[in-house]
Amino acid sequence: MTTADLSSTEEGCVLVTGPLVFASVVELLAKCEPFFADREELVFDFYEVNHTDSSGLALLLELLDRGSAQGVSIRFRNMPSSLLGIARLSNAEQLLPVTG
């Protein structure tokens, strides 16, 4: 399964579901755009991400870049350990605003 999706939670977070892999991140990035509208802060929750590769890290960095360009503070929570490992190996871990 290569379909990933987004939904809003009751807490106002953006819940990411499915795999964060090369086949899914471009479509997922397009789905993220509406969530940036009229927001000062966005929290992406990865609790339901079931697989990731380095494309997932690229997605997170792109979200940070878009947030910065649009004046939206971005935070990530429930990061998969595999994604944190990729970030650590890429010396990008310190760039990720991880919470909880």
Heavy-atom donor-acceptor pair, Ser68 side chain to Leu64 backbone, under 3.5 Å: no
Sidechain-backbone polar pair: Ser8 side chain, Gly12 backbone, donor-acceptor under 3.5 Å: no
Any residue meeting salt bridge (Lys or Arg N to Asp or Glu O under 4.0 Å) with Glu41, in chain and number order, not counting sequence neighbours: Arg75
Salt bridge (Lys or Arg N to Asp or Glu O under 4.0 Å) partners of Asp53, counting only residues at least two apart: none
Tell me which pairs pass salt bridge (Lys or Arg N to Asp or Glu O under 4.0 Å) where either residue lies in [range], with sequence neighbours left out.
range          : result
residues 60-74 : Glu33-Arg66, Glu62-Arg66
residues 10-19 : Glu11-Arg77
residues 15-25 : none

Rounded to the nearest 0.5 Å, how far does [atom2] of [Y] lie from [atom1] of [X]?
X     : Y     : atom1 : atom2 : value
Leu15 : Tyr47 : CG    : OH    : 10.0 Å
Phe35 : Ser7  : CZ    : OG    : 7.0 Å
Ile74 : Leu63 : CD1   : CG    : 6.0 Å

Summary of ring pair (Phe, Tyr, Trp, His ring centres under 6.0 Å) pairs that have at least one residue in residues 79-100, sequence neighbours excluded: none
Can you confirm whether [X] sits close enough to [Y] that some side-chain heavy atom of one is under 4.5 Å from a side-chain heavy atom of the other?
X     : Y     : value
Phe76 : Val16 : no
Leu42 : Val14 : yes
Leu6  : Thr17 : no

Partners meeting ring-ring contact (aromatic ring centres under 6.0 Å, His included) with Phe36 (sequence neighbours left out): none
Those residues that, when tested against Phe44, pass ring-ring contact (aromatic ring centres under 6.0 Å, His included) (two or more places apart): none
Side chain to side chain donor-acceptor pair (under 3.5 Å) involving Asn78 - partner list, sequence neighbours excluded: Asp45
Identify all side-chain donor-acceptor contacts of residues 20-32 below 3.5 Å with residues at least two apart in sequence or on another chain.
{"from": "Ser24", "atom 1": "OG", "to": "Pro19", "atom 2": "O", "distance (Å)": "2.7"}
{"from": "Ser24", "atom 1": "OG", "to": "Val21", "atom 2": "N", "distance (Å)": "3.1"}
{"from": "Ser24", "atom 1": "OG", "to": "Val21", "atom 2": "O", "distance (Å)": "3.1"}
{"from": "Glu27", "atom 1": "OE2", "to": "Lys31", "atom 2": "NZ", "distance (Å)": "3.4"}
{"from": "Lys31", "atom 1": "NZ", "to": "Ala4", "atom 2": "O", "distance (Å)": "3.1"}
{"from": "Lys31", "atom 1": "NZ", "to": "Asp5", "atom 2": "OD1", "distance (Å)": "3.4"}

Results of side-chain contact (heavy atoms from CB on, under 4.5 Å) for Ser82 - residues two or more places apart only: Thr52, Pro80
Using atom types as modelled, flag every donor-acceptor pair under 3.5 Å from a side chain in residues 91-100 to any protein atom, sequence neighbours excluded.
{"from": "Glu93", "atom 1": "OE1", "to": "Arg88", "atom 2": "NE", "distance (Å)": "3.3"}
{"from": "Glu93", "atom 1": "OE2", "to": "Arg88", "atom 2": "NH2", "distance (Å)": "3.3"}
{"from": "Gln94", "atom 1": "NE2", "to": "Asn91", "atom 2": "O", "distance (Å)": "2.9"}

Path from Val43 to Leu57 over hydrophobic side-chain contacts below 4.5 Å: no
